[in-house]
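Here's the structure we're looking at; comments come further down.
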Amino acid sequence: MKKKEWVFTNDLEDRRTYLVEVGYKCYCLQTMGGNEISLAEEVNITHKEALALPFLRITHKSIMGIKSTYQKVLLPGYVFLFLPEDMNPSIIRHGMYGFRFLTNMDDGSFALSGGDKVYAEWVFNNGGIIGMSKAIRINKTVKIISGPLFNMVGKIKEYSKKNRNCRIEITLFNRLISMWLPFQWVTEAPEMEEEAKKEEEKRDNIDYSEVFVKSDD
């Protein structure tokens with residue numbers, strides 16, 4: 001049986017736009033691994049003002065020399081939930097797929113804050129699925145010039161030329177998580193290099209895209 005895939009529909013795009021307009025809070029639901037997409041779909045069907053998103057990525061694969069991509073869950077067992085600021089999260093009820101709200105260790109509240117909120121909003125802005133970023137090679141350094149990785153705060157630790165993935169580390173729910181995210185090479189050109197440098201200068205000297213080359217590359 002074909003594995004269920006996540007689709008960010010036009011309806012969900014409309015909900016995201018609405019939440020941005022009215023203001024929203026971020027939450028996280030914990031469920032059984034393998035239920036992430038099904039739980040998100042169920043919440044979105046039963047609660048029209050809510051936006052529930054799994055956290056997936058597009059990843060490369062090669063079988064018998066044939067290259068393709070597929071979706072892979074990045075945080076097994078977790079679904080991000082976004083509600084209007086004035087909406088009580090207790091309205092979200094259990095259905096076919098059980099879950100529990102994660103709580104903040106400091107005050108026991110449900111709404112995410114600090115770094116957890118930053119990454120929830122990253123998922124929100126990408127519709128629950130982290131797609132391809134574009135990269136160019138400048139001397140011996142790889143620079144991400146567009147896509148989800150470009151917007152990711154922090155330093156990319158390494159990359160795999162063979163698998164065309166970058167490894168990043170984030171702190172989420174008080175634990176360090178390492179994940180591989182996809183990129184694709186684009187043709188190097190002087191104007192692309194100049195554009196990448198200008199974009200970096202706009203980021204208040206935060207390095208979003210430096211990559212250390214793997215020793216086996």
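Just so it is clear, the model here is predicted, and its values are computed rather than measured. Quick note: numbers below take in every heavy atom, side chains included, and nothing from hydrogens, waters or symmetry partners.
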Name all residues meeting the side-chain contact (heavy atoms from CB on, under 4.5 Å) criterion together with [X]; count only those two or more places apart in sequence or in a different chain, and write none if there are none.
X      : value
Asn125 : none
Pro76  : Glu36, Val73
Gln71  : Glu5, Trp6, Ile37, Leu56, Ile58, Ile129

- Task: Over 60° means perpendicular and under 30° means parallel, so classify the ring planes of Phe101 and Phe110, tilted if in between.
- Result: parallel

- Geometric class of the Trp122/Tyr119 ring pair [parallel <30°, tilted 30-60°, perpendicular >60°]: perpendicular

- Which pairs, with at least one residue in residues 81-102 and sequence neighbours excluded, count as a side chain to side chain donor-acceptor pair (under 3.5 Å)? Gln30-Arg100, Asn88-Ser90

Strictly distance-based, threshold 3.5 Å: is any side-chain N or O of [X] a donor or acceptor partner for the main-chain N or O of [Y]?
X     : Y     : result
His47 : Ile91 : yes
Glu49 : Leu83 : no
Thr31 : Gly98 : yes

- Query: Do you reckon Ile130 sits in the same ILVMFWY cluster as Leu12, going by side-chain contacts under 4.5 Å, direct or chained?
  - Reply: yes

Measuring from atom [atom1] of [X] to atom [atom2] of [Y], what distance do you get when rounded to the nearest 0.5 angstrom?
X     : Y      : atom1 : atom2 : answer
Lys48 : Asp11  : NZ    : CG    : 6.5 Å
Cys28 : Leu102 : SG    : CG    : 4.5 Å
Phe55 : Phe80  : CZ    : CZ    : 6.0 Å
Leu81 : Leu51  : CG    : CG    : 8.0 Å
Ser38 : Met32  : OG    : CE    : 12.5 Å

- Thr46: partners by side chain to side chain donor-acceptor pair (under 3.5 Å), with sequence neighbours left out: none

- Do the ring centers of Phe124 and Tyr24 come within less than 6.0 Å of each other? yes

Evaluate the side-chain proximity of [Y] to [X]: yes if any heavy-atom separation is below 4.5 Å, no if none is.
X     : Y      : value
Asn35 : Met96  : no
Phe8  : Asn126 : no
Phe99 : Val79  : no

Closest approach of [X] to [Y] (non-hydrogen atoms, all atoms of both residues):
X      : Y     : value
Asn44  : Ala52 : OD1-N, 2.8 Å
Gly128 : Leu53 : N-CD1, 3.8 Å
Ala120 : Phe82 : O-CZ, 3.3 Å
Val22  : Pro84 : CG2-CB, 4.4 Å
Ala50  : Arg15 : O-NH1, 2.8 Å

- Query: Ile45: which other cluster members, linking ILVMFWY side chains closer than 4.5 Å, directly or transitively?
  - Reply: none

